[in-house]
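For reference, the structure discussed in these notes is given below.
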Amino acid sequence: MQQREEKQLEASVESLISRVAHVKNALHSFIYKLENEYERLTWPSVLDNFALLSGQLNTINKLLRNEKTPSFRNQVIIPLLLSPDRDEDLAKLTEQRVPVFSHEIVPDYLRTKPDPEVEEQEKQLSTEAARIGPEVAQKQIQTLNKLCSNLLEKLNNPREDREAENAAMRQNKPSFNPTDTNALVSAVAFGKGLSKCRPPGPVAPGHQGQGQMMSGGPTLQQVTIGGGSGQQAGMGGPVAPQQQGQPGRRPGDLGKMPSSIKTNIKSASGSMHPYNR
């Protein structure tokens, strides 16, 4: 009877090792695809790999729940030999994951209960869960279910509907300020809101005539040729601009201008004009 149970246990262990090896190979293949073939990997292929892993795990669960499989919980593993030296057979059996079977490794690999820190955290969570009343717990459950329902609804919606909603949101949301746009157009087209004063500082000699033209100085259309000054204009001399709107002076009194105005006109006409280059 005892030999029969031992043979049945060995057969179950060998079958379980074989199933676990299949799961390990499937995981290795899937991880390799994720790391090296992610550019060509499609979502249906990912789902197929998940389905393969899920099927293999279900097969292991069925094997463990089978009536012919002995209960592994009743089996006790006792380390017979502990050594700090490297064991080549153990390293080969575990694919170089466990090269030494020492006092440090045995408690981690042969542990049947969680770590003390994990047990303490589990107790704290159980205590906090016990403090919550039934009504509060029911409200939290309803809120979580509502969030999950909304998330599932969004995931189940077609992609076109989501794109249409995003496009509608982008159209309804203004991306500019009409007031700022109108002010910018008015400033560029009509000069509205721009400052009319000249910047302080001396004007360069080469740009003096241009500055006078921009500030309302004498132009070709504003210069009038009088009786006495016409000869000077024909000879290439300076021409005085027509002064309008000055009280106590007639348009024909160009010869009676102050000397300061004449000096300014001579210096302006004597400098290089940008149109004469």
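In this structure, Q56 and V20 have side chains that are not in contact, with every pair of non-hydrogen atoms separated by 4.5 Å or more. A 4.5 Å side-chain heavy-atom check between L90 and T94 finds at least one atom pair inside the cut-off. E95 places a side-chain heavy atom less than 4.5 Å from the side chain of K24. Residues N61 and L63 form no side-chain contact, since every pair of their non-hydrogen atoms from C-beta on lies 4.5 Å or further apart. Residues D108 and R111 have side chains in contact (heavy-atom distance under 4.5 Å, counting atoms from C-beta outward). Inter-residue side-chain proximity for S83 and F101 is flagged as unmet; no heavy-atom pair is nearer than 4.5 Å. Between K62 and N66 the shortest side-chain heavy-atom distance does not fall below 4.5 Å. Counting heavy atoms from C-beta outward, V100 and D87 have side chains that stay 4.5 Å or more apart.
The distance from atom OG of S126 to atom CD of E122, rounded to the nearest 0.5 Å, is 5.5 Å. A distance of 12.5 Å separates OG1 in T179 from CG in L184, rounded to the nearest 0.5 Å. Distance CZ/R97 to OH/Y109: 7.5 Å, rounded to 0.5 Å. Atoms NZ and OG, on K33 and S45 in that order, are 4.5 Å from each other to the nearest 0.5 Å. Atom CD1 of residue I105 and atom CG of residue L110 lie 10.5 Å apart, to the nearest 0.5 angstrom. Once rounded to the nearest 0.5 Å, the distance linking CD of Q138 with CG of N145 reads 8.5 Å.
The nearest pair of heavy atoms linking Y38 to L34 is CB-O, 3.4 Å. Residues L194 and A187 share a closest heavy-atom pair of CD1-O, 3.7 Å. Closest approach of P99 to A91, counting heavy atoms only: CA-CB, 4.0 Å. Closest non-hydrogen pair, L53 versus A26, comes out as CD2-CB, 3.5 Å.
Other residues, nucleotides and ligands contribute only 12 or fewer heavy atoms inside 6.0 Å of the CD1 atom of I77. Environment of CD in Q8: crowded, with over 12 heavy atoms of neighbouring residues, nucleotides or ligands closer than 6.0 Å. Summarising the local packing, CD of E37 is surrounded by more than 12 heavy atoms from other residues, nucleotides or ligands at distances under 6.0 Å. Annotation for Q75: atom CD counts as buried by contact number, over 12 foreign heavy atoms lying within 6.0 Å.
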Problem set entry | F50 vs F30, ring pair (Phe, Tyr, Trp, His ring centres under 6.0 Å): CA-CA, chis, key distance, verdict | CA-CA 9 Å; F50 276 117; F30 186 39; 5.3 Å; yes
Problem set entry | CA sep, side-chain torsions, deciding dist, call: T181, N177, side-chain contact (heavy atoms from CB on, under 4.5 Å) | CA-CA 6 Å; T181 303; N177 190 353; 5.6 Å; no
Problem set entry | Steps toward side-chain contact (heavy atoms from CB on, under 4.5 Å) verdict (N25, L27) | CA-CA 5 Å; N25 294 332; L27 280 173; over 6 Å; no
For this session: Let me see the working for T59 and V23 under side-chain contact (heavy atoms from CB on, under 4.5 Å), right down to the final yes or no.
Result: CA-CA 10 Å; T59 303; V23 175; over 6 Å; no
For this session: Apply the test side-chain contact (heavy atoms from CB on, under 4.5 Å) to residues F190 and V185: give CA-CA distance (whole Å), side-chain angles for both, the deciding distance (0.1 Å), then the verdict.
Result: CA-CA 8 Å; F190 307 106; V185 172; 5.7 Å; no
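Applying the salt bridge (charged side-chain N to carboxylate O under 4.0 Å, His left out) test to E119 and every residue at least two apart in sequence or in another chain returns K113. Checked against salt bridge (charged side-chain N to carboxylate O under 4.0 Å, His left out), E88 has the following partners two or more places apart in sequence or in another chain: R86.
Hydrophobic clustering keeps L47 apart from L52 (ILVMFWY residues linked when any side-chain heavy atoms are closer than 4.5 Å, directly or through intermediates). With hydrophobic clusters built from ILVMFWY side chains whose heavy atoms lie under 4.5 angstrom apart, I17 shares a cluster with F72. If you chain together hydrophobic residues whose side chains sit under 4.5 Å apart, I141 and L125 never meet in one group. Side-chain heavy atoms closer than 4.5 Å link hydrophobic residues (I, L, V, M, F, W, Y) into clusters, and following such links, even through other members, never connects V46 to I31.
A salt bridge between E128 and K123 is absent, with no side-chain N of the basic residue lying under 4.0 Å from a carboxylate O of the acidic one.
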